[in-house]
Structures are given as structure tokens and as C-alpha cells.
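Reviewing the structure listed below.
Throughout, residue positions are numbered sequentially from 1 according to the sequence presented.
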Amino acid sequence: MTEPFFSLNQASATAGSFKLGPLSLDLAERDWFVLLGPSGSGKTTLLSLIAGVLRSPPGMIRLGGRDLGRLPPERRRVAYVSQTGDLFPHLTVAGNVAFGLRFSKYTKKEQAARVERLLALFGLEALAGQSAATVSGGEGRRVALARALAVEPA
């Protein structure tokens, strides 16, 4: 049997008084997984655990054969876009898209080209220099999605 592309093995997390897990799940590389549940059931907690916002015990989360448990969020190659987008209001639209690239292997020139391509892909070129705090809700979600894709998540 081949190793799953994504795996949770007895993963758990605590956020305040809420306890999630333990959860186990294996997904093949092209599998789709939909996470549904009522408010307060742990959906965001699980996504935060996978993204590295919350810490998990080592060996509990694997992606593409890599153990994510010990990796900081910026080295996980995982992107997370919340419902609200969570833009950095003190940055421009282009600054938000470029944010994760600061930790990447790309040169400044490659980073700029990548940001430009993603702004064009999402129809955000005209907003590049605008403060992220001033964009509409729909524009903000496109900025957040472009920011997530900029780092080439696994």
C-alpha cells in the first residue's frame, strides 16, 4: 500500500476550553475532502492545527511524506484562507500577496513577477498599491486567495 499524500494520525489540539480530537484521516494526492459542521465544532481549530497556527505533537500530521509536526508554519507549504480573508490592513494589496514570499527561495525579482502574475490572475492589478484595509469583501477574499497561492502550497 502506498503512503497517503495527507495524513492525520491521532491529531489533537486545544484552543481555550475546546479540545479537538484525537482525529485520524488519510487522503490520496488527488482526493477531495469537505469539512462540515456546526459553529463551534472544531473546523477552524483543525485547519489551524494543519497550518501550524496551533502546535501539534510531532508525527501527527504528514503531507507529501513530510512530518509537519515540527515545522513552523512558513515551512509547511500549507495555505489557509479564512472566511474573512484576514488581510494585513497595514500592507497594500500587493504587499499582502507578497507576504509569504519573504520566507521563500525566490529572488526579489522572481517574487515581484509572481505577485504581478497573481494580481493579474485575480483581476487585482488596479488595486496593487491600495491599502488592504480599503478593499471590498469580495476583493479581500481574492487578495487572500492570491496570497495563499503565491507560496505554492503542497
Check: Taking atom CD1 of Ile61 and atom CG of Asp67, what is their separation to the nearest 0.5 Å?
Finding: 8.5 Å

Notebook entry, point to check: Do other residues, nucleotides or ligands put more than 12 heavy atoms under 6.0 Å from Glu116 CD?
Noted result: no

Check: Salt bridge check: are Lys105 and Glu110 linked by an N-O gap of less than 4.0 Å?
Finding: no

Notebook entry, point to check: So, do Trp32 and Val34 sit near enough that their side-chain heavy atoms are less than 4.5 Å apart?
Noted result: no

Checklist line | CZ-OG distance between Phe18 and Ser41, expressed to the nearest 0.5 angstrom | finding: 6.5 Å

Next item on the list: Answer with yes or no whether the hydrophobic clustering places Met60 together with Leu71; edges join I, L, V, M, F, W, Y residues whose side-chain heavy atoms lie under 4.5 Å apart.
Entry: yes

Margin query: Please report the interatomic distance CZ(Arg147) to CG(Leu101), rounded to the nearest 0.5 Å.
Written below: 11.5 Å

Margin query: Let me confirm one number: the CZ-CG distance from Arg142 to Leu118, rounded to the nearest 0.5 Å.
Written below: 13.0 Å

Checklist line | Cluster overlap Leu121 with Leu124, hydrophobic side-chain contacts below 4.5 Å | finding: yes

Item checked: Any donor-acceptor N/O pair, Lys19 side chain to Ser12 backbone, under 3.5 Å -> no

Item checked: Arg141 side-chain N/O to Thr84 backbone N/O, donor-acceptor pair under 3.5 Å -> no

Check: Got a second to check how far Arg114's CZ is from Tyr106's OH, nearest 0.5 Å?
Finding: 4.0 Å

Item checked: Considering all heavy atoms, the nearest Phe5-Ala154 contact -> CZ-O, 3.7 Å

Item checked: Close side-chain approach of Leu54 and Ser48, heavy atoms under 4.5 Å -> yes

Check: Hey, quick one: are Leu23 and Phe6 part of the same hydrophobic cluster, counting side-chain heavy atoms closer than 4.5 Å, chains of contacts allowed?
Finding: yes

Margin query: Using 0.5 Å steps for rounding, measure from the CG atom of Leu25 to the CG atom of Leu27.
Written below: 4.0 Å

Note to self: Within the 3.5 Å criterion, strictly below it, is a donor on Asn9 or Ser7 matched to an acceptor on the partner's side chain?
What the structure shows: no

Notebook entry, point to check: Quick one: are Pro153 and Arg77 in side-chain contact, heavy atoms under 4.5 Å?
Noted result: no

Notebook entry, point to check: Is the count of non-hydrogen atoms from other residues, nucleotides or ligands lying under 6.0 Å from Arg66 atom CZ greater than 12?
Noted result: yes

